[in-house]
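See structure below.
Note: hydrogens, waters and symmetry copies are ignored here, and every other heavy atom, side chains too, is used.
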Amino acid sequence: MSLVKLSIKGISYSQTQNGAYALILNEVDGERKLPIVIGAFEAQSIAIALEKEIKPPRPLTHDLFKNFAERFDIVVKQVIIHKLVDGVFYSSIICERDKIEEIIDARTSDAIALALRFNAPIFTYKNILDKAGIYLKANSLEEDKDAQEIDEMLSNPKSFGKEEEGSQSERPYIKQSLEELNELLGQAVAQEDYEKAAKVRDEISKRES
(Lines give C-alpha, C1' and ligand atoms only; values in the text may rest on other atoms or scores of the structure.)
Protein backbone atom coordinates (compact mmCIF):
# COMPACT_ATOMS: atom_id res chain seq x y z
CA MET A 1 0.00 0.00 0.00
CA SER A 2 1.35 3.42 -0.93
CA LEU A 3 1.88 6.15 1.65
CA VAL A 4 0.50 9.67 1.22
CA LYS A 5 2.21 12.59 2.93
CA LEU A 6 0.03 14.95 4.97
CA SER A 7 0.44 18.47 6.30
CA ILE A 8 -1.53 20.26 9.01
CA LYS A 9 -4.07 22.80 7.82
CA GLY A 10 -5.27 23.82 11.26
CA ILE A 11 -7.53 23.11 14.20
CA SER A 12 -11.24 23.90 14.33
CA TYR A 13 -13.23 24.18 17.54
CA SER A 14 -16.94 23.91 18.18
CA GLN A 15 -18.96 27.03 18.83
CA THR A 16 -21.73 25.10 20.57
CA GLN A 17 -20.09 22.22 22.44
CA ASN A 18 -17.14 22.74 24.78
CA GLY A 19 -14.17 20.44 24.27
CA ALA A 20 -14.99 19.50 20.66
CA TYR A 21 -12.05 20.02 18.31
CA ALA A 22 -11.14 18.78 14.85
CA LEU A 23 -7.64 18.53 13.42
CA ILE A 24 -7.64 19.10 9.64
CA LEU A 25 -4.85 17.41 7.67
CA ASN A 26 -4.07 18.23 4.03
CA GLU A 27 -2.93 15.83 1.34
CA VAL A 28 0.44 17.36 0.34
CA ASP A 29 0.28 16.46 -3.36
CA GLY A 30 -3.50 16.68 -3.72
CA GLU A 31 -6.62 18.54 -2.65
CA ARG A 32 -8.19 16.11 -0.17
CA LYS A 33 -8.40 16.81 3.53
CA LEU A 34 -8.53 14.36 6.42
CA PRO A 35 -10.56 15.61 9.42
CA ILE A 36 -9.87 13.97 12.80
CA VAL A 37 -11.81 14.72 15.99
CA ILE A 38 -9.42 15.21 18.93
CA GLY A 39 -9.57 16.17 22.60
CA ALA A 40 -9.08 19.63 24.09
CA PHE A 41 -5.69 18.89 25.68
CA GLU A 42 -4.29 17.43 22.47
CA ALA A 43 -5.69 20.34 20.45
CA GLN A 44 -3.96 22.73 22.86
CA SER A 45 -0.66 20.86 22.59
CA ILE A 46 -0.77 20.82 18.78
CA ALA A 47 -1.71 24.52 18.68
CA ILE A 48 1.26 25.37 20.93
CA ALA A 49 3.62 23.46 18.63
CA LEU A 50 2.18 25.22 15.56
CA GLU A 51 2.35 28.67 17.18
CA LYS A 52 6.08 29.28 17.54
CA GLU A 53 5.65 32.54 19.45
CA ILE A 54 3.87 30.94 22.42
CA LYS A 55 6.41 29.48 24.84
CA PRO A 56 4.98 27.64 27.87
CA PRO A 57 6.78 28.50 31.14
CA ARG A 58 6.87 24.77 31.91
CA PRO A 59 7.00 21.85 29.44
CA LEU A 60 3.71 20.28 28.40
CA THR A 61 3.45 16.49 28.38
CA HIS A 62 4.53 16.22 24.74
CA ASP A 63 7.43 18.62 25.37
CA LEU A 64 8.49 16.46 28.31
CA PHE A 65 8.39 13.37 26.09
CA LYS A 66 10.59 15.13 23.53
CA ASN A 67 13.10 16.22 26.20
CA PHE A 68 13.16 12.69 27.62
CA ALA A 69 13.62 11.13 24.17
CA GLU A 70 16.43 13.50 23.22
CA ARG A 71 18.23 12.81 26.49
CA PHE A 72 18.39 9.13 25.53
CA ASP A 73 19.13 9.77 21.83
CA ILE A 74 15.70 8.64 20.63
CA VAL A 75 14.47 10.31 17.45
CA VAL A 76 10.93 10.29 16.05
CA LYS A 77 11.43 9.62 12.34
CA GLN A 78 7.84 9.67 11.11
CA VAL A 79 4.20 9.15 12.05
CA ILE A 80 1.86 6.89 10.08
CA ILE A 81 -1.93 6.90 10.40
CA HIS A 82 -2.25 3.24 9.51
CA LYS A 83 -5.81 2.13 10.26
CA LEU A 84 -9.39 3.42 10.34
CA VAL A 85 -11.98 1.29 12.15
CA ASP A 86 -15.52 2.45 12.98
CA GLY A 87 -14.52 6.08 12.52
CA VAL A 88 -11.47 5.79 14.81
CA PHE A 89 -7.97 6.45 13.44
CA TYR A 90 -4.99 4.41 14.65
CA SER A 91 -1.42 5.62 14.36
CA SER A 92 2.17 4.48 14.81
CA ILE A 93 5.23 6.47 15.81
CA ILE A 94 8.40 5.30 14.05
CA CYS A 95 11.38 5.90 16.37
CA GLU A 96 15.08 5.25 16.02
CA ARG A 97 17.92 4.83 18.54
CA ASP A 98 21.42 3.60 17.73
CA LYS A 99 20.20 2.83 14.19
CA ILE A 100 17.58 0.45 15.59
CA GLU A 101 14.03 1.25 14.50
CA GLU A 102 11.03 0.74 16.77
CA ILE A 103 7.30 1.12 16.07
CA ILE A 104 5.09 2.42 18.90
CA ASP A 105 1.28 2.50 18.84
CA ALA A 106 -0.21 5.88 19.73
CA ARG A 107 -3.35 7.93 19.56
CA THR A 108 -3.28 9.98 16.37
CA SER A 109 -3.45 13.30 18.23
CA ASP A 110 -0.48 12.37 20.46
CA ALA A 111 1.49 11.09 17.48
CA ILE A 112 0.96 14.33 15.55
CA ALA A 113 1.79 16.50 18.59
CA LEU A 114 5.13 14.65 18.78
CA ALA A 115 5.71 14.74 15.02
CA LEU A 116 5.48 18.54 15.15
CA ARG A 117 8.05 18.74 17.94
CA PHE A 118 10.49 16.47 16.12
CA ASN A 119 9.81 18.00 12.68
CA ALA A 120 8.87 14.50 11.56
CA PRO A 121 6.69 13.88 8.48
CA ILE A 122 3.12 12.58 8.79
CA PHE A 123 1.76 9.92 6.43
CA THR A 124 -1.33 7.85 5.89
CA TYR A 125 -2.14 5.05 3.48
CA LYS A 126 -3.90 5.82 0.22
CA ASN A 127 -6.83 3.52 1.05
CA ILE A 128 -7.51 5.46 4.29
CA LEU A 129 -7.48 8.77 2.44
CA ASP A 130 -9.75 7.26 -0.24
CA LYS A 131 -12.16 6.21 2.49
CA ALA A 132 -12.13 9.23 4.83
CA GLY A 133 -10.66 12.09 2.80
CA ILE A 134 -12.78 15.04 1.76
CA TYR A 135 -12.26 16.25 -1.79
CA LEU A 136 -12.83 19.97 -2.20
CA LYS A 137 -11.90 22.51 -4.84
CA ALA A 138 -11.21 26.06 -3.69
CA ASN A 139 -10.77 28.24 -6.76
CA SER A 140 -11.92 31.46 -5.14
CA LEU A 141 -12.02 33.09 -1.74
CA GLU A 142 -15.73 32.34 -1.39
CA GLU A 143 -15.25 28.67 -2.28
CA ASP A 144 -12.36 28.43 0.17
CA LYS A 145 -14.58 29.84 2.91
CA ASP A 146 -17.28 27.31 2.07
CA ALA A 147 -14.71 24.51 2.08
CA GLN A 148 -13.54 25.54 5.54
CA GLU A 149 -17.09 25.41 6.90
CA ILE A 150 -17.67 22.00 5.31
CA ASP A 151 -14.43 20.74 6.89
CA GLU A 152 -15.70 21.72 10.33
CA MET A 153 -19.19 20.34 9.85
CA LEU A 154 -18.00 17.01 8.48
CA SER A 155 -15.46 16.64 11.27
CA ASN A 156 -18.22 16.78 13.88
CA PRO A 157 -21.54 17.61 12.18
CA LYS A 158 -23.60 17.69 15.40
CA SER A 159 -21.26 20.10 17.14
CA PHE A 160 -19.87 22.70 14.82
CA GLY A 161 -21.72 25.96 14.33
CA LYS A 162 -21.97 27.93 11.09
CA GLU A 163 -21.42 31.50 12.24
CA GLU A 164 -19.67 33.69 9.70
CA GLU A 165 -16.10 34.72 10.32
CA GLY A 166 -16.02 37.94 12.26
CA SER A 167 -18.95 37.13 14.55
CA GLN A 168 -18.48 37.76 18.27
CA SER A 169 -18.69 34.05 19.11
CA GLU A 170 -15.97 33.12 16.62
CA ARG A 171 -13.78 36.15 17.41
CA PRO A 172 -14.38 36.83 21.12
CA TYR A 173 -11.54 39.37 21.24
CA ILE A 174 -12.55 41.40 18.19
CA LYS A 175 -13.32 44.52 20.28
CA GLN A 176 -9.92 44.64 22.04
CA SER A 177 -7.13 46.85 20.77
CA LEU A 178 -3.85 45.36 19.58
CA GLU A 179 -2.15 46.59 22.75
CA GLU A 180 -4.83 44.92 24.90
CA LEU A 181 -4.52 41.71 22.89
CA ASN A 182 -0.76 41.51 23.46
CA GLU A 183 -1.30 42.07 27.18
CA LEU A 184 -3.98 39.32 27.24
CA LEU A 185 -1.62 36.98 25.38
CA GLY A 186 1.10 37.49 27.98
CA GLN A 187 -1.35 36.91 30.83
CA ALA A 188 -2.75 33.73 29.23
CA VAL A 189 0.71 32.23 28.73
CA ALA A 190 1.75 33.13 32.29
CA GLN A 191 -1.41 31.44 33.61
CA GLU A 192 -0.82 28.44 31.30
CA ASP A 193 -4.23 28.98 29.67
CA TYR A 194 -3.03 27.95 26.22
CA GLU A 195 -6.49 27.60 24.71
CA LYS A 196 -7.12 31.28 25.44
CA ALA A 197 -3.60 32.18 24.29
CA ALA A 198 -4.15 30.46 20.94
CA LYS A 199 -7.44 32.34 20.36
CA VAL A 200 -5.85 35.68 21.29
CA ARG A 201 -2.92 34.96 19.00
CA ASP A 202 -5.34 34.11 16.17
CA GLU A 203 -6.98 37.52 16.59
CA ILE A 204 -3.57 39.27 16.59
CA SER A 205 -2.61 37.41 13.41
CA LYS A 206 -5.85 38.49 11.71
CA ARG A 207 -5.09 42.15 12.57
CA GLU A 208 -1.51 41.93 11.33
CA SER A 209 -2.29 40.09 8.08
Side-chain angles (χ1 to χ4, degrees), residues 4-15 17-28 32-70 74-84 87-95 104-124 128-129 132-134 148 151-156 159-160 170-172 185 188-189 191-206:
V4 179
K5 190 173 183 180
L6 302 170
S7 63
I8 297 175
K9 178 182 179 182
I11 298 172
S12 301
Y13 58 92
S14 171
Q15 306 295 332
Q17 180 175 317
N18 291 332
Y21 293 82
L23 174 66
I24 309 299
L25 302 175
N26 269 345
E27 180 183 15
V28 170
R32 288 176 294 183
K33 296 170 180 62
L34 193 66
I36 302 173
V37 177
I38 62 175
F41 172 77
E42 291 76 17
Q44 171 183 289
S45 183
I46 291 170
I48 290 295
L50 288 170
E51 184 51 72
K52 304 300 183 183
E53 294 184 30
I54 298 178
K55 302 294 183 184
R58 295 183 297 172
L60 300 178
T61 301
H62 297 107
D63 297 317
L64 178 61
F65 183 96
K66 180 176 186 289
N67 294 339
F68 182 89
E70 288 182 335
I74 300 169
V75 178
V76 171
K77 304 292 290 184
Q78 61 183 0
V79 162
I80 300 176
I81 303 170
H82 64 84
K83 186 167 65 174
L84 174 62
V88 178
F89 291 93
Y90 294 81
S91 294
S92 295
I93 301 172
I94 315 302
C95 303
I104 301 173
D105 287 334
R107 293 187 305 170
T108 298
S109 54
D110 289 328
I112 290 174
L114 290 173
L116 283 169
R117 286 162 170 81
F118 282 90
N119 294 316
I122 303 165
F123 297 94
T124 192
I128 292 178
L129 197 57
I134 302 168
Q148 206 166 21
D151 279 347
E152 296 175 357
M153 293 172 65
L154 290 179
S155 299
N156 195 344
S159 300
F160 285 90
E170 185 170 338
R171 294 177 64 180
L185 178 61
V189 172
Q191 295 167 2
E192 300 185 25
D193 186 348
Y194 302 118
E195 181 179 346
K196 178 179 178 180
K199 292 178 183 178
V200 173
R201 183 60 204 171
D202 284 346
E203 182 61 36
I204 293 173
S205 298
K206 285 184 173 69

| Roughly how far, to the nearest 0.5 Å, is the CD1 atom of Ile36 from the CD1 atom of Ile11? | 11.0 Å
| request: For residues Ile122 and Ile8, determine if any side-chain heavy atom of one lies less than 4.5 Å from a side-chain heavy atom of the other. | output: yes
| request: Quick one: closest heavy-atom pair of Leu6 and Val28, and the distance? | output: C-CG2, 3.7 Å
| field | Side chain proximity check, Pro121 to Val79, heavy atoms < 4.5 angstrom | value | no
| Relative to the ring of His82, is the ring of Tyr90 parallel (under 30°), tilted (30 to 60°) or perpendicular (over 60°)? | tilted
| field | Nearest-0.5 Å distance that lies between atom CG in Leu114 and atom OG in Ser91 | value | 11.0 Å
| request: Calculate, to the nearest 0.5 Å, the distance between atoms CD1 and OG belonging to Ile24 and Ser7 respectively. | output: 11.5 Å
| Would you say Thr108 and Ile38 make side-chain contact, with heavy atoms under 4.5 Å? | no
| said: If you compare all heavy atoms of Leu34 against all heavy atoms of Ala132, which two are closest, and at what distance to 0.1 Å? | reply: CD1-CB, 3.7 Å
| said: Apply side chain to side chain contact (heavy atoms under 4.5 Å, CB included) to residues Ile104 and Ser92 and explain how you reach the verdict. | reply: CA-CA 5 Å; Ile104 301 173; Ser92 295; over 6 Å; no
| query | Say you draw a straight line from CG of Leu60 to CD of Gln44; how long is it, rounded to the nearest 0.5 Å? | reply | 6.0 Å
| said: Can you confirm whether Ile46 sits close enough to Ile112 that some side-chain heavy atom of one is under 4.5 Å from a side-chain heavy atom of the other? | reply: yes
| remark: In this structure, CG of Leu129 is separated from CZ of Phe123 (nearest 0.5 Å) by 13.0 Å
| N/O donor-acceptor pair under 3.5 Å between Thr124 side chain and Ile81 backbone | yes
| Distance-minimising heavy-atom pair for Glu27 and Val4 | CG-CG1, 3.7 Å
| note | For Phe118 and Ala69 the tightest heavy-atom approach is CZ-CB, 3.8 Å
| query | Out of curiosity, Lys9 NZ to Asn26 CG, how far, rounded to the nearest 0.5 Å? | reply | 6.5 Å
| query | Are any of the side-chain heavy atoms of Asp63 and Arg117 separated by less than 4.5 Å? | reply | yes
